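Numbers for residues simply follow the sequence, beginning at 1. What you see is a predicted model; the values in this text were computed from it and never measured.
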Amino acid sequence: MNAKVLLILRILFGLFLVLFGSNKFLNFLPPFEGMSETAITYFESLTAAKVLLLVGIVETLAGLSLLINKFSSLMMVILMSVSVNAVLFHLSLDIANIAPALVLLSLNIVLLYAHKERYRAMLLP
């Protein structure tokens, strides 16, 4: 893939992660509209158990890592679990608001694939 396209994707993804990650601490974005009662209850449980705090830390660190281009390959692997879980949450409990989760997963996959040679030792014996 073109180096300039990857640079733009990396920066956009980094900004996306810093925005949504820091929102878990500062709550400056409005909540999603139209969430089901089950989704709200689940989300409140994750908040009460401080799981969303951990997710916010991971997202913010991954975003900063992408923006400064240090340890970004490691953070892409760690972030994959957050990306998949976000999509699964929205698929099962809040399908109307799945778009940001799909963007998160798509960008994560694209950047992982773009640097697949970095993961060769991890995947091959």
How far apart are the closest heavy atoms of Leu64 and Val18, and which atoms are they?
N-CG2, 3.7 Å
How close do Gly56 and Phe25 get, counting heavy atoms only, and between which atoms?
C-CZ, 3.7 Å
Applying side-chain contact (heavy atoms from CB on, under 4.5 Å) to Phe13 and Leu79, what does each step give before you reach the verdict?
CA-CA 12 Å; Phe13 193 32; Leu79 188 63; 3.5 Å; yes
Answer yes or no for Lys116 and Tyr119: cation-pi contact, defined as NZ/CZ to six-membered ring centre under 6.0 Å and angle to ring axis within 45°.
no
Side-chain heavy atoms under 4.5 angstrom apart, residues restricted to Ile, Leu, Val, Met, Phe, Trp, Tyr: same cluster for Ile98 and Ile109?
yes
Any non-hydrogen side-chain atom of Phe71 less than 4.5 Å from a side-chain atom of Leu61?
no
Please check if Ile68 and Val77 belong to a single hydrophobic cluster, counting links between Ile, Leu, Val, Met, Phe, Trp and Tyr side chain heavy atoms closer than 4.5 Å.
no
Taken to the nearest 0.5 Å, the spacing of Leu46 CG from Leu54 CG works out to 11.0 Å
Hydrophobic cluster membership, Ile78 vs Leu67, 4.5 Å side-chain cutoff:
no
Evaluate side-chain contact (heavy atoms from CB on, under 4.5 Å) for His90 paired with Ile95, printing each intermediate quantity in order.
CA-CA 5 Å; His90 286 286; Ile95 194 76; 6.0 Å; no
One should read off an interatomic distance between Met80 CE and Asn85 CG, to the nearest 0.5 angstrom, of 11.0 Å
Leu12 and Leu107, any side-chain heavy atoms less than 4.5 Å apart
no
In sequence, state the C-alpha distance, the side-chain angles, and the governing distance for Leu104 and Phe20, and then conclude on side-chain contact (heavy atoms from CB on, under 4.5 Å).
CA-CA 10 Å; Leu104 176 74; Phe20 282 98; over 6 Å; no
CD1 (Ile40) and OG (Ser45) are apart, to the nearest 0.5 Å, by 12.0 Å
Can you check whether Asp94 reaches Tyr42 side chain to side chain, under 4.5 Å on heavy atoms?
no
Show, in sequence, the C-alpha distance, side-chain angles and deciding distance for Phe28 and Leu19, and conclude whether the side-chain contact (heavy atoms from CB on, under 4.5 Å) test is met.
CA-CA 9 Å; Phe28 53 85; Leu19 175 73; 3.4 Å; yes
Please find the pair of heavy atoms, one from Ser22 and one from Thr60, that lie closest to each other, and give the distance.
N-OG1, 3.4 Å
Donor-acceptor pairs under 3.5 Å, side chain of residues 4-11 to any protein atom, not counting sequence neighbours: which ones?
{"unit_1": "Arg10", "atom_1": "NH1", "unit_2": "Leu66", "atom_2": "O", "d": "2.3"}

Within a radius of less than 6.0 Å around CZ of Phe89, do more than 12 heavy atoms belonging to other residues, nucleotides or ligands occur?
yes
Are Leu15 and Leu26 co-members of a hydrophobic cluster defined by side-chain heavy atoms under 4.5 Å apart?
no
Gap between atom OG of Ser73 and atom CG of Leu111 - 0.5 Å precision:
9.5 Å
Is any side-chain heavy atom of Tyr113 closer than 4.5 Å to one of Met76?
no
Could you list all the salt bridge (Lys or Arg N to Asp or Glu O under 4.0 Å) pairs where at least one residue sits in residues 53-81, not counting sequence neighbours?
Lys24-Glu59
Might you point out which heavy atoms bring Ala62 and Met75 nearest each other, and give the distance in Å?
N-CE, 3.3 Å
How far does CG of Leu17 sit from CG of Asn108, to the nearest 0.5 angstrom?
8.0 Å
